[in-house]
2 protein chains.
Amino acid sequence: MSLAASIHAKAVELGRKIVEMTTASGSGHPSSALSIVHLTIELMYRQMRWNPSDPWDLNSDRLVLSEGHAVPVVYAAYADLGGAVGLSPERSRALSTEELTALREAASVLDGHPNPAEGFPFFDAATGSLGMGLSVAAGLALGARLQKSPRHIFVLIGDGESREGQIWEAADFIADHELTNVTAVVNCNGQGQAGYVSKQQSPEALAAKFAAFGWEVFTVDGHDPDVLSSTFQTARNQARPAVLIARTQKGWGVDILLDKSNHGKPVPASQLGEAMANLDATAAKFAPATQPLADRPSAGAESRHAKPVDITVAPFEEGLRAAGLSGALDARKLATRRGYGAALLALGQANPAVVALDADVSNSTFSEMFAAACPERFFECKIAEQNMISTAVGLAAAGYVPFASSFAKFLSRAYDQVELATITRANIKIVGSHSGISLAADGPSQMSLPDVAFFRSLAGVTAGGSPLCVSFQPADAVAAYHMTALMARHHGMCYMRTHRPDVAFLYDANATFEVGGSAVLTEGDAVAVISNGFMIHVCRNVVDRLAQQGIRCRLVDAYSYPLRGDAILAAGDACHGRYVCVEDNYGGGLGSAVSEIVAQRGGGRVFRLTCGIVPKSGRSAEDLLKMTGLAEHDIENGIRTML
Amino acid sequence: MSLAASIHAKAVELGRKIVEMTTASGSGHPSSALSIVHLTIELMYRQMRWNPSDPWDLNSDRLVLSEGHAVPVVYAAYADLGGAVGLSPERSRALSTEELTALREAASVLDGHPNPAEGFPFFDAATGSLGMGLSVAAGLALGARLQKSPRHIFVLIGDGESREGQIWEAADFIADHELTNVTAVVNCNGQGQAGYVSKQQSPEALAAKFAAFGWEVFTVDGHDPDVLSSTFQTARNQARPAVLIARTQKGWGVDILLDKSNHGKPVPASQLGEAMANLDATAAKFAPATQPLADRPSAGAESRHAKPVDITVAPFEEGLRAAGLSGALDARKLATRRGYGAALLALGQANPAVVALDADVSNSTFSEMFAAACPERFFECKIAEQNMISTAVGLAAAGYVPFASSFAKFLSRAYDQVELATITRANIKIVGSHSGISLAADGPSQMSLPDVAFFRSLAGVTAGGSPLCVSFQPADAVAAYHMTALMARHHGMCYMRTHRPDVAFLYDANATFEVGGSAVLTEGDAVAVISNGFMIHVCRNVVDRLAQQGIRCRLVDAYSYPLRGDAILAAGDACHGRYVCVEDNYGGGLGSAVSEIVAQRGGGRVFRLTCGIVPKSGRSAEDLLKMTGLAEHDIENGIRTML
């Protein structure tokens, strides 16, 4: 009983910090934080094997706070334990309790929601947009298994949060992959933001759901130290993944925060005294603590940090032969998605840090080549793209270089997860196949059309001197092969967009490519025709035909965002400032990028050809080009308009 | 037994069509279509009360084919029944069986996946990106309940598809709202695209899951006509939503399609004879049909079509008073999100067709005002944004004008659903609050930053002479109020982006706004400063200060996409072609739109200020402006650079 008394005393102590720091901040979620105060103490002070001075240790246990808004309790505990903050082990310091009231200040590492990239390395991923944490935990758990690390991953999820479908995608994935090194906890305080949590997310309903998803379920009082202690121990040693359904009280210990109207509201400064008196009264309900809370276990094994990864890859022709695609070397024709498959295979064989994920379409994206060669590093996510992306974030946090592929269209299912991954600065590689209108027959529900605009928006942001997300659109399989290697070597998020049809080789096997780069494929001075990906081939036909008529256009393959302006301006300057941009997607992509470059300096004219209508099915890529105004004669008309 | 024989005979007959049309098309999914052939017959010929010549009837039963790739079986049945195709009842015709082999042709109404906007009105929504159909059905069911219509909604879902989290969001929603007018069917053929379906999606696992989600579950043989007939009848009359877990065979009836390697592959023309022989052999297994399949029930009630909706709304000041916000009229200051709340309330009170949905943040988006006044037309979706958007699509198909709101950041969870809604041309209104960096304290996981680029990409596409999606960014509460009304009046998808902070009124109460519009707020000839939303207020401070120094800038509120070029060019022409664009989001938005306009004509220079780094928490909007390079002095520097 004395241990319980010590934990209650610590809960009240941290409760004070939670109230103080959120009041000082003028915002934050003290009531949510208080509802998990015992859970957090049990995990951070008792269950987790870790060393607060070394949160970078890949062998230590981890906590993923999926309901990120409850973070003040973690900050309070972390400061109490002297946890290290900073961007690297070499430049770290212990968090002090005095700093807690700087919560949410611009200069503070204590962000409004978990945000490791701002210097809080206890967390592996930014959370706050709900429902992603269990997937991140799955990625960490896969990484631990690959590394034969003893680490165990704990995840705290809100009851209202468990309405997000991604939670159930992750529950399936963790069960499929038998990740018994994960323990989930659902914090059932019954209060949402705008109202009470639905009966569909009651403790009973959640217990039944997790059981149906194949998990071991333990329903507990989330404020009972003894029950929590024994249940976490039991949960850790199950043959199936385990979840604690914890009944808790939102605003625990502070009467004036108990009502559901308090979601996301700090105690007003004028009521701080009353809140502290509430906590004193709460403390008085328990036996006095007779011993400090000091028996925290240390890390379970020798400390181990993630190391920079050197990436090597076979030359293009060798890679294609190894992939059984030597016929393409003779035909000089191959789909870019197959070029990706061959490169991923080559990367996988040469680099144990490279892992791959796919969402039941590996025989379309061609990640299946990697899956066959490196089955232990290939993770089939089934038809659940959100979980795939957040799982990739967890794998990256464990030191791996994950490639996640699906149809580019279906990846839009995970744009929220992609955004959170950018906040984490996760080193993940996203590859979307069957992009744009050349998919043709399957119709618009399978075509990615606003994806270029979305990823280009991320490409324009700078993070640590590098683009937040680099994107590539290869025009042939040679380019796809080299860009895949380039993505593996580039530290940070990358997106590559491949196409379905076979296309001719344009580049030499040893061609080089770079972030933000472009290449002049045809010299000319009439009009600068800027395109990329599949459309390069359509433009090339037009440019070649016009050349026979004496109109020599310059064809530029602008294959990467953020697109560097110098080469684009040089191309336009050589062509009287005339630009025609051609892309197989909705606007906001290439034509927009070129317009920005040209309008920033002034002195050119840009004609943009994009997919300007909603396409439908057609039998061939040519059908779609005609339908959407991107056929060869449309491009020729565009060029002639500029002349 | 003779009924069963008739159904098997019909199954073989439709099987022939399925094989023929996909072979003719050269693509399509015959094996998936064959796995639901008996289910489709039971629904379309026997269970559904509907009239094939009037698929627009709001009182008739509906089928949502969530696993859209299986659509050839529906096309075959629909042609057999003489179902109407076309874009309106006035311009419709019966689909003929001869047309089936035009599947996926550019000129055919038979798109690769369900696509009502191309002239197949049997469907209410485009499907094909998986996991959305149950949510669409929920929206149709809500609409039917509101209209006191007897219609019943059937949904066909794939087993592999049920891995998508959205399925479980919809299952929760349907249970929460007790939508017993929905019957779901999961087609358990055990085969995915790249491999077998996981044990997590086995019939047993799915039965347990749906039971845990509060549904009545019936497990059936999906090829047994008698069992299907009786079970659908039973399922229709439950006190809880019901689901049939149907065990089926992928490629039923065609031996050469049974292997799992056949996903998405038509029978090669060279094997067509063999496939037909397979079907003959299948037919021979059953007793010969002694009666035709003719007892299809007709529609359950008088036919009723959706009517164009006239929208009226109270004037701004009256609307604000009705919302209890008259204090703002005196202070002349209010957050745009409150302006939205007041307008939604006014719309709801005047227009029974207006409905609203929110995702547990109605007290932040201010849809709570509508919820309090029109509770029967407000649908709380809890923390499940994907389901919310697809449910709104179903409501729109039932003739309602749905407004769906959440934090703009959290709406990115549903961008795939938004894209499918554009293919449907769904008349839905999406409102994202707390957008951009002015949210400040909560940090980047709660800020929408690439949203402008994403929605602008959709805005640039034309659909039926109108933009595919219109977006608005109001600079004050007056604008937010009028734009909300404008969205209700505009037929088609709209997106509005509101902000958290209170801001001063800039517009007169009776100001007018238009799609693609902009407004000159301050005259001047030095530099055209183009901005919108919250940033207008920051820019105005700079413009006013510079005016005192004799530098007279023109301040333009470019509040809507697709942004019309004429007014923007006029502003620049009045300012020596000098533009400075300011926005509180990542690139690809306003600066990009202005650059496109300027570069298209030539002859101006555009300096873009965007949020160029990943923000973090700060205590105030001012902290964030400084952090991201959007403070007043940054804007002033930008202007001076242009001079």
Side-chain angles (χ1 to χ4, degrees), chain A residues 27 104 106 111-113 118 126 128-130 160 163-166 168-169 172 176 192-194 198 200 208-209 212 360-363 382-384 412-413 415-416 423 441-445 450 453-454 456-457 460-461 463 586-588 592 595-596 598-599 602 605-606 614 616-618 623 627, chain B residues 27 104 106 111-113 118 126 128-130 160 163-166 168-169 172 176 192-194 198 200 208-209 212 360-363 382-384 412-413 415-416 423 441-445 450 453-454 456-457 460-461 463 586-588 592 595-596 598-599 602 605-606 614 616-618 623 627:
Chain A
S27 72
R104 297 179 166 215
D111 228 43
H113 290 74
E118 299 295 343
S129 184
L130 293 171
R163 184 89 167 203
E164 290 283 12
Q166 187 182 355
W168 304 102
E169 296 179 2
D172 271 340
D176 252 352
Q193 174 178 324
S198 158
Q200 295 290 118
K209 288 176 178 182
D360 194 35
V361 290
S362 60
N363 52 345
K382 302 293 178 182
I383 307 173
S412 69
R413 197 62 156 260
Y415 281 2
D416 193 14
I423 300 172
D442 282 322
S445 68
F454 179 81
R456 196 177 74 83
S457 185
V461 178
Y586 293 162
S592 203
S595 296
E596 289 172 7
V598 170
R605 282 190 305 129
V606 181
V614 183
K616 67 174 291 298
S617 292
D623 283 352
M627 184 190 300
Chain B
S27 71
R104 298 182 166 210
D111 228 43
H113 291 75
E118 299 295 343
S129 184
L130 294 170
R163 184 90 167 203
E164 289 283 11
Q166 187 182 355
W168 304 103
E169 296 179 2
D172 271 340
D176 251 353
Q193 174 178 323
S198 158
Q200 295 291 117
K209 288 177 178 180
D360 193 35
V361 290
S362 60
N363 53 345
K382 302 294 179 181
I383 308 174
S412 68
R413 199 62 157 256
Y415 281 1
D416 193 16
I423 300 171
D442 281 323
S445 69
F454 178 81
R456 195 176 75 82
S457 185
V461 179
Y586 292 162
S592 201
S595 296
E596 289 173 7
V598 170
R605 282 191 304 130
V606 182
V614 182
K616 66 174 294 299
S617 292
D623 283 349
M627 185 190 300

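All values derive from a computational prediction rather than experimental measurement. Every chain is numbered from 1, with letters handed out A, B, ... down the list of sequences.
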**Study point:** Heavy-atom closest pair, residues B:S362 and A:A194
**Key:** OG-CB, 3.6 Å

Point to revise | chain A contact via B:S129 - which portion, at a heavy-atom distance below 4.5 Å | key: both

Exercise for review: Please look at A:S27 and chain B and tell me whether the side chain, the backbone, both or neither of the residue comes under 4.5 angstrom of a heavy atom of that chain.
Suggested key: side chain

Practice item. Write down the atom of A:A384, the atom of B:R163, and the distance for their closest heavy-atom approach. Key: CB-CG, 3.8 Å

Exercise for review: Among B:A599, B:G587, B:A212, B:G160, single out the residue with the greatest number of heavy-atom pairs under 4.5 Å to chain A.
Suggested key: B:A599

Check your understanding: Where do B:S592 and A:E596 come nearest, in terms of heavy atoms and distance?
Key -> OG-OE2, 2.8 Å

**Study point:** Closest non-hydrogen atom pair between A:V461 and B:V614, with its separation
**Key:** CG1-N, 3.7 Å

Check your understanding: So, A:D360 side chain and B:Q193 main chain: donor-acceptor pair closer than 3.5 Å or not?
Key -> yes

Check your understanding: What pairs with A:E169 under side-chain hydrogen bond (donor to acceptor under 3.5 Å, both in side chains), at least two apart in sequence or on another chain?
Key -> A:Q386

Check your understanding: What option among B:I383, B:L130, B:D172 has the most heavy-atom pairs under 4.5 Å with chain A?
Key -> B:D172

Check your understanding: Do A:R456 side-chain atoms and B:A453 backbone N/O form a donor-acceptor pair below 3.5 Å?
Key -> no

Check your understanding: Heavy-atom distance under 4.5 Å between the side chains of A:R413 and B:Q166, does that happen here?
Key -> yes

Point to revise | Among the listed options B:G460, B:G192, B:A463, the residue most often paired with chain A at heavy-atom distances under 4.5 Å | key: B:G192

**Study point:** Partner chain B: residue of A:S445, A:P444, A:S198 with the largest heavy-atom pair count (under 4.5 Å)
**Key:** A:S445

Check your understanding: Do the non-hydrogen side-chain atoms of B:D442 and A:R104 ever get within less than 4.5 Å of each other?
Key -> yes

**Study point:** Minimal non-hydrogen separation, A:S617 against B:D111, with atom names
**Key:** N-OD1, 3.0 Å

Exercise for review: Heavy atoms only: give me the nearest A:Y415-B:S412 pair and the separation to one decimal.
Suggested key: CB-O, 4.3 Å

Review point. Can you tell which of B:G112, B:G618, B:S595 has the highest number of heavy-atom pairs within less than 4.5 Å of chain A?
Key: B:S595

Revision key, fill the gap. Ranked by heavy-atom pairs below 4.5 Å to chain B, first place among A:E164, A:R605, A:E118 goes to A:E164

**Study point:** Interchain contact, B:A126 with chain A, by part (heavy-atom threshold 4.5 Å)
**Key:** neither

